[in-house]
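Just below is one structure, and these are the notes that go with it.
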Amino acid sequence: MSKFELGITTFAEVMPDLHTGKTISYDERINQLIDEIVLADQVGLDYYGIGEHHRKDFAASAPHTILAAASRLTKNIKLGSAVTVLSSEDPVRVYQNFATLNALSKGRAEIMAGRGSFIESFPLFGYDLNQYDRLFSEKLDLLLQIRDHEIVHFEGKTRAPIDGLGVYPRTDYPLPIQVAVGGTPASVVRAANYGLPLFLAIIGGYPRMFSPLVDLYKKTYKERGYDVNQMHISVHSHGYIAEDMTEATETYFPSIKQAMDIIGKERGWSTYTRSTYDAARSLEGALFVGDPAWVAKKILHLRKTLGINRFALHVPVGQLDHDKVMKTIELLGTKVKPIIDQAIALEKSELK
């Protein structure tokens, strides 16, 4: 198994302050992201991903632009989309944007392609939701062809054909493309059929329930003849870290409740409750909230349960003061990561 990586994902939430009712500007939130990425790099985290959204309560509709700004201020951290809503994007522009990011970051760019759990981009860019799966499938085919071949030949049903045209700039560095999956077996199989890395969003329920999906991915990946040493599985889950367990628990509940109630009202979910929250904070739950020792324990447990290569903590969810987000990033790098690295090193030494 390759090196275990730790990182951060965010959707750049812009929601009313829970105490004052005021909402920060999009400009301010976007600039906060730069600070977060720089800190994540400084404390030794491996990855930072920004999700693309097109709605009032999120600031990042152009993650590649924000990541490009951060690329020249960082040295080691991998910079990716989390996700690029490929179904409503033009794969030509996606490749061009991330090839440019790859040049600026000297090979640290990643594309996480997904169908998107939010659908605002479809009417915004004039796409038919009835073609939800076909759009993604055809555009993933095209994106991979563009990445792997300078001259492109493409004909499909969801966009105009490309007849022997080049797509530029080309990047000298490898450009990883991952497939983001929320829990659909067909999507897992698609990623494995292409030999692409898998990124699982586990934001509810119990992570062990994703074991059959991981097994399906690994089985299909091997059956297609891909090198198992190149297999890569990531998970992102919601969470928050503070020095003290009680502080973490009590600070984060109003934040996640705010976001879950907004989204839940749109989707017909029941109101987010304290009992739901407390169950999700348990060792088997999908919420990574607590002090550094507890969060490290949960991540190690998840790694053992699913056999993953990367864990990304998604923060914030709902309105959370910027200094608290920054503290979470600091603790993930300076306190959680050393615990995990030491445990994995011990595990490896015992196998020798």
Side-chain angles (χ1 to χ4, degrees), residues 1-9 36-49 74-80 82 105-108 110 112 174 176 178 197-202 206-208 210-211 214-215 217-218 221-222 226-245 248 281-315 326-352:
M1 182 177 284
S2 61
K3 172 194 171 187
F4 187 74
E5 298 180 336
L6 275 182
I8 293 289
T9 57
E36 293 174 20
I37 298 168
V38 169
L39 177 60
D41 186 56
Q42 290 172 345
V43 298
L45 294 178
D46 302 289
Y47 169 79
Y48 192 101
T74 55
K75 295 180 179 179
N76 300 307
I77 196 164
K78 297 174 183 177
L79 303 168
S105 64
K106 295 182 170 59
R108 292 183 282 128
E110 297 184 3
M112 189 198 303
Q178 308 170 70
L198 178 70
F199 203 111
L200 286 168
I202 303 180
Y206 299 97
R208 67 174 182 271
F210 284 75
S211 291
V214 172
D215 292 342
Y217 172 76
K218 292 179 177 179
Y221 192 99
K222 293 175 184 176
Y226 295 112
D227 182 357
V228 294
N229 294 316
Q230 299 300 315
M231 186 186 299
H232 195 277
I233 303 171
S234 303
V235 163
H236 94 147
S237 293
H238 299 158
Y240 171 70
I241 310 169
E243 295 277 9
D244 177 76
M245 177 68 85
R281 291 191 301 107
S282 70
L283 184 63
E284 296 294 339
L287 205 54
F288 290 72
V289 175
D291 60 24
W294 176 249
V295 172
K297 182 178 180 178
K298 284 200 67 168
I299 294 171
L300 286 166
H301 181 65
L302 179 68
R303 174 179 175 269
K304 182 178 180 180
T305 301
L306 297 183
I308 61 175
N309 307 92
R310 174 191 286 171
F311 176 80
L313 187 73
H314 189 86
V315 62
M326 294 287 277
K327 188 64 176 180
T328 290
I329 294 170
E330 176 192 336
L331 291 173
L332 185 64
T334 62
K335 297 288 183 70
V336 175
K337 190 174 188 295
I339 295 172
I340 291 173
D341 289 347
Q342 184 176 10
I344 292 174
L346 179 61
E347 176 187 295
K348 290 179 178 178
S349 69
E350 291 174 348
L351 293 174
K352 293 181 179 179

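In what follows, every heavy atom counts, from backbone to side chain, and hydrogens, waters and symmetry copies are set aside. We count residues from 1, following the sequence as given. Just so it is clear, the model here is predicted, and its values are computed rather than measured.
Contact of the Ile8 side chain with the His314 side chain is not registered, since no non-hydrogen atoms from C-beta on lie closer than 4.5 Å. Side-chain contact between Leu302 and Val235 is present, with at least one heavy-atom pair separated by less than 4.5 Å. Counting heavy atoms from C-beta on, the side chains of Asp41 and Lys75 come closer than 4.5 Å. With contacts defined as side-chain heavy-atom distances shorter than 4.5 Å, the pair Pro197/Ile233 does not qualify.
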Trace of the side chain to side chain contact (heavy atoms under 4.5 Å, CB included) decision for Asp46 with Lys337: CA-CA 10 Å; Asp46 302 289; Lys337 190 174 188 295; 3.8 Å; yes
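Here the OG-CG distance, from Ser234 to Leu200, works out to 8.5 Å after rounding to the nearest 0.5 Å. The OG1 atom of Thr334 lies 12.0 Å from the CD atom of Gln42; values are rounded to the nearest 0.5 Å. With values rounded to the nearest 0.5 angstrom, Ser105 atom OG is found 11.5 Å from Asn76 atom CG. One distance of note links CG of Leu79 with CZ of Arg108; it measures 5.0 Å at 0.5 Å rounding. Summarising the geometry, atom CD belonging to Glu110 is positioned 5.0 Å from atom CD belonging to Gln178; distances are rounded to the nearest 0.5 Å. To the nearest 0.5 Å, atom CZ of residue Phe210 and atom CD1 of residue Ile202 are 4.5 Å apart.
In this structure, Glu347 places its CD atom where more than 12 heavy-atom neighbours from other residues, nucleotides or ligands lie under 6.0 Å away. Open room surrounds OH on Tyr206; 12 or fewer heavy atoms of other groups in view lie less than 6.0 Å from it.
Residues forming a salt bridge (charged side-chain N to carboxylate O under 4.0 Å, His left out) with Glu243 (at least two apart in sequence, or on another chain): Lys327, Lys335. For Arg281, the salt bridge (charged side-chain N to carboxylate O under 4.0 Å, His left out) test picks out Asp278, with sequence neighbours left out. Considering only residues two or more places apart in sequence or on other chains, Lys106 meets the salt bridge (charged side-chain N to carboxylate O under 4.0 Å, His left out) condition with none of them. Under the rule for a side chain to side chain contact (heavy atoms under 4.5 Å, CB included), the partners of Ile344 that lie at least two apart in sequence or sit in another chain are Phe4, Leu300, Arg303, Ile340, Lys348. A search for salt bridge (charged side-chain N to carboxylate O under 4.0 Å, His left out) contacts involving Glu5 returns Lys78, Arg310, not counting sequence neighbours.
Side chain to side chain, His301 and Glu284 meet the donor-acceptor criterion of an N or O pair below 3.5 Å.
Under the 6.0 Å cut-off for aromatic ring centres, Phe288 and Phe311 qualify, their centroids lying closer than that.
The two residues Pro338 and Gly333 have their closest heavy-atom pair at CD-O, 3.5 Å. The shortest non-hydrogen separation linking Ile339 to Pro292 is CD1-O, 4.2 Å. Pairing each heavy atom of Asn309 with each of Met231, the nearest pair is OD1-O, 3.8 Å. Counting all heavy atoms, side chain and backbone alike, Ile299 lies closest to Leu332 at CD1-CD1, 4.4 Å. In this structure, Ala286 and Ser237 approach most closely via the heavy-atom pair O-CB, 3.4 Å. When all heavy atoms of Tyr221 and Gln230 are compared, the closest pair comes out as OH-C, 3.5 Å.
Without hydrogens or angle criteria, Thr328 side chain to Ile241 main chain gives a donor-acceptor distance under 3.5 Å.
Residue pairs meeting the side-chain hydrogen bond (donor to acceptor under 3.5 Å, both in side chains) criterion with at least one member in residues 288-299, sequence neighbours excluded, do not occur.
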